[in-house]
Number of protein chains: 4
Amino acid sequence: MHVISESETRGARQSAGSRSRAATRARLLASGQSLFAERGLHSITTHDIAAHAGVAAGTFYNHFADKRALFRELANDAVRRLEDRIERACAGITDMPERVRAQAEALVGFAADNRDVIRMLFSGDADSAKVESDVLNELAAGIEDFRRRAIADGEMSDDLDPGVLSHAVVGMWARVVAWWAEDPSQVPPDTVVDTLTRIQLFGTHPRRSD
Amino acid sequence: MHVISESETRGARQSAGSRSRAATRARLLASGQSLFAERGLHSITTHDIAAHAGVAAGTFYNHFADKRALFRELANDAVRRLEDRIERACAGITDMPERVRAQAEALVGFAADNRDVIRMLFSGDADSAKVESDVLNELAAGIEDFRRRAIADGEMSDDLDPGVLSHAVVGMWARVVAWWAEDPSQVPPDTVVDTLTRIQLFGTHPRRSD
Amino acid sequence: MHVISESETRGARQSAGSRSRAATRARLLASGQSLFAERGLHSITTHDIAAHAGVAAGTFYNHFADKRALFRELANDAVRRLEDRIERACAGITDMPERVRAQAEALVGFAADNRDVIRMLFSGDADSAKVESDVLNELAAGIEDFRRRAIADGEMSDDLDPGVLSHAVVGMWARVVAWWAEDPSQVPPDTVVDTLTRIQLFGTHPRRSD
Amino acid sequence: MHVISESETRGARQSAGSRSRAATRARLLASGQSLFAERGLHSITTHDIAAHAGVAAGTFYNHFADKRALFRELANDAVRRLEDRIERACAGITDMPERVRAQAEALVGFAADNRDVIRMLFSGDADSAKVESDVLNELAAGIEDFRRRAIADGEMSDDLDPGVLSHAVVGMWARVVAWWAEDPSQVPPDTVVDTLTRIQLFGTHPRRSD
DNA sequence: GATGAATGAGTATTCATTCAT
DNA sequence: AATGAATGAATACTCATTCAT
């Protein structure tokens, strides 16, 4: 997440203070993530996070303005990483069904690798809701846009409202991934990917010539 | 200054106390619902609810064990009413596509009539999450069961995992309805019903003979 | 300060809650006054005041928005009482020197009866400064106005700037009274009154020719 | 990027460290003075002062035991400078009215040149009060002494209590100067000097018969 | 000497809950 | 049953001060 190691391996000689500062910050972020995932934004206090990170209560405020600032940072970071991952997964793929599958794979893969983040974001905690809404609304907007273009290109039937549909797809994603992240052993990831892919492709013109 | 004497002088055994008790309780529930819908479970205090209901703070505890008890009651009540409505809507309809459409109509109709409840339940507030999860998990379980039977009856293709699918459908429902309830003017209810119906019917064997 | 006793002696039958509320409020005010006088606005916490008043910490906030609100109330109340007292003392006295003496007597009498308030207001605590400034500025404005009129009436020489003079008089008053209230035994009140009167009358046309 | 090397490359044995130490100390004092004048002793933190002085937080404590020590130093220094100025202004002047005028001129001149100090000392901040009191009490004691001697010498009437009067004069000074320093444009300094002089000379035997 | 991260006691404030009337 | 004043544990946040580097 940071380029600390890079500068440390160089002769740059970062000050001791600075190094330890970044480490403390990282510990606080990690503590926040796992505690939020376990018990939600509300039930966790800044003292909890500081204690879990092994620092004094006041130290929290040397690094974050308040609890929500830490949460926001975790959330933004996670969204950025998810978007990166999806983007990288789709890069160069032009066939739409394949793109959708790649997207679903990236999403499920991310969920598998970041269960804490998923639980933190989608466990429905009060204020996380705001972050969540933003995340989901963004995703929904992207999907709506995508479908509108697909319809315009004649690749999709236009008999479903793209606005409703995009929210449906996003709700589906979020819930499936949240459910699955709680216990990934209940269904193999491939099945999740496959199901999500097929549902999302709903409305794509079947290749009748097949 | 109080109406006690008035009702006490009547012979009604159902009793003034009882009636006014029920009325107070109802006022508290109504206040809780609209306040929770507006600002979420966390930002609302028991004092807020009591004040909004026009009773003293302590009165709250004459009727509910605590804030969550009132919330739970509202939520359970809402779920019960929603289930009733869906059940009544489907009663006597045997054709599956029609049943699904009736279900969607009931859901959207309920959302239209109970925007506060929808916003309260699905606005993602911290502890409401637990209620929400229960609600959604219940719904998901019902759908999963339904699809398994449909598959067994040969009415649906078995190439989608019913577990994943049920959560997908529920997530879709919840999100679409929450989104729509925030501003019902953005899309006509029929469009919502139609879109939900079609997606949910995905996987149903098309009537090949057509 | 309040008319509680009055209403209690009447048949008005104030509710028990209300009576106790007023009493608690009064205790908090009294505690605040004596603690502020002793140690200043800053060093005293709301917990201190609550403890001194024999109530729980949270009770403080049932009666005052915060520490400054209580302070402001004390200060405003004191200023009002002082103004009343001065006004009453001067009522009906037309001769200026006599008015000034009556004023000084009222001021010193008030200081004698309200040492805590004087120390609280003029001990120079940070935020009390704002109250103090307001108090002093108000007094200064009154004096300035008074002198301007006296000059216009030919009763005072116009060779002193009324703006500067009014602040001088007020500073003198405040400091003398604060100093004296710390230990009234050092100088008899009459001496204080006499000195203040004479200084303030400085500039009055002596009626030599009379 | 730092000027350390520059000073280190010079041969000055007074030593870079020593010189820079004094400079750091001076910067801290200057920062404290302007910040205290702006916002009072309480609202300013040691971090604020250090930051304003361009040094690290810990450096503050290499130079001052604590915040109040810095404040005290500023205050003492200011008092010393004021006393010096008054003393120099009066040097060689034997005629009392002239001395008093010279004093007032020195006071007002000092206020004009040191508005920050005046505001810092007389803006009424909590603990500054203690310093202020000391300052004012000292001044008052000096004046009292002066008047007693003047009375003994037959230069002043003895009909005013020197104790009360000295506090009155000091209160007057402090308040007028604080008021004026907030906005020196409201009244020309000469008017202030003149007014203060005349009031303070009150009680001096007019030399009419002379 | 300077640095600045860490400390943790201190303080204000909130609010679910109790209970005497 | 209703009242509403009191409660006090809980919690966020501040900031003077320390100390290892």
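Computed from a predicted structure; not experimentally measured. In what follows, every chain begins at residue 1, and chains take the letters A, B, ... in the order their sequences are listed.
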D/F36 and D/L121: CA distance, side-chain angles, deciding distance, side chain to side chain contact (heavy atoms under 4.5 Å, CB included) verdict: CA-CA 9 Å; D/F36 287 148; D/L121 288 180; over 6 Å; no

Paired stretches of DNA chain F - 3 or more consecutive Watson-Crick or G-U pairs, each distance under 3.5 Å: E:2-21 with F:2-21

Determine, stepwise, if the pair D/D66 / D/F60 fulfils side chain to side chain contact (heavy atoms under 4.5 Å, CB included). CA-CA 8 Å; D/D66 55 28; D/F60 183 95; 5.5 Å; no

Can you measure from CD1 (A/I49) to CZ (A/R27) and round to the nearest 0.5 angstrom? 14.0 Å

Just how far, in rounded Å, is P of F/dT7 from CZ of C/R21? 13 Å

Taken to the nearest whole Å, NE2/D/H63 to P/F/dT17 is 16 Å

For the pair B/H42 and A/H42, name the ring-plane relationship: parallel under 30°, tilted 30 to 60°, perpendicular over 60°. tilted

Give the C-alpha distance, both sets of side-chain angles, the deciding distance and a yes or no for side chain to side chain contact (heavy atoms under 4.5 Å, CB included) between B/M120 and B/S34. CA-CA 8 Å; B/M120 185 187 87; B/S34 78; over 6 Å; no

Testing the 3.5 Å rule here: is there a donor-acceptor pair between the side chains of B/T45 and B/D48? yes

C/E73 bridged to C/R68 by N-O distance under 4.0 Å: no

Measure CG/A/L70 against C1'/F/dT11 and give the value in whole Å, please. 17 Å

Using whole Å, what does the distance between atom P of nucleotide E/dC19 and atom CZ of B/F60 come to? 18 Å

After noting the C-alpha distance and the side-chain angles of B/L74 and B/V117, does the key distance pass the side chain to side chain contact (heavy atoms under 4.5 Å, CB included) rule? CA-CA 8 Å; B/L74 285 171; B/V117 171; over 6 Å; no

Interatomic distance, A/R25 CZ vs E/dA6 P [rounded to whole Å]: 11 Å

d(CD1, B/I49; P, E/dT17) in whole Å: 11 Å

Would you give a per-nucleotide map of nucleotides 10-16 of chain E, 5' to 3', where B means the base has a protein non-hydrogen atom under 4.0 Å away, S means only the sugar-phosphate does, and - means neither? -SBBBSS

Figure out the CZ/C1' separation between A/R27 and E/dA6, and round it to whole Å. 11 Å

Between atom CZ in A/R68 and atom P in F/dA12, what is the gap in whole Å? 13 Å

Atom NZ of A/K67 and atom OG1 of A/T46: how far apart are they, to the nearest 0.5 Å? 7.5 Å

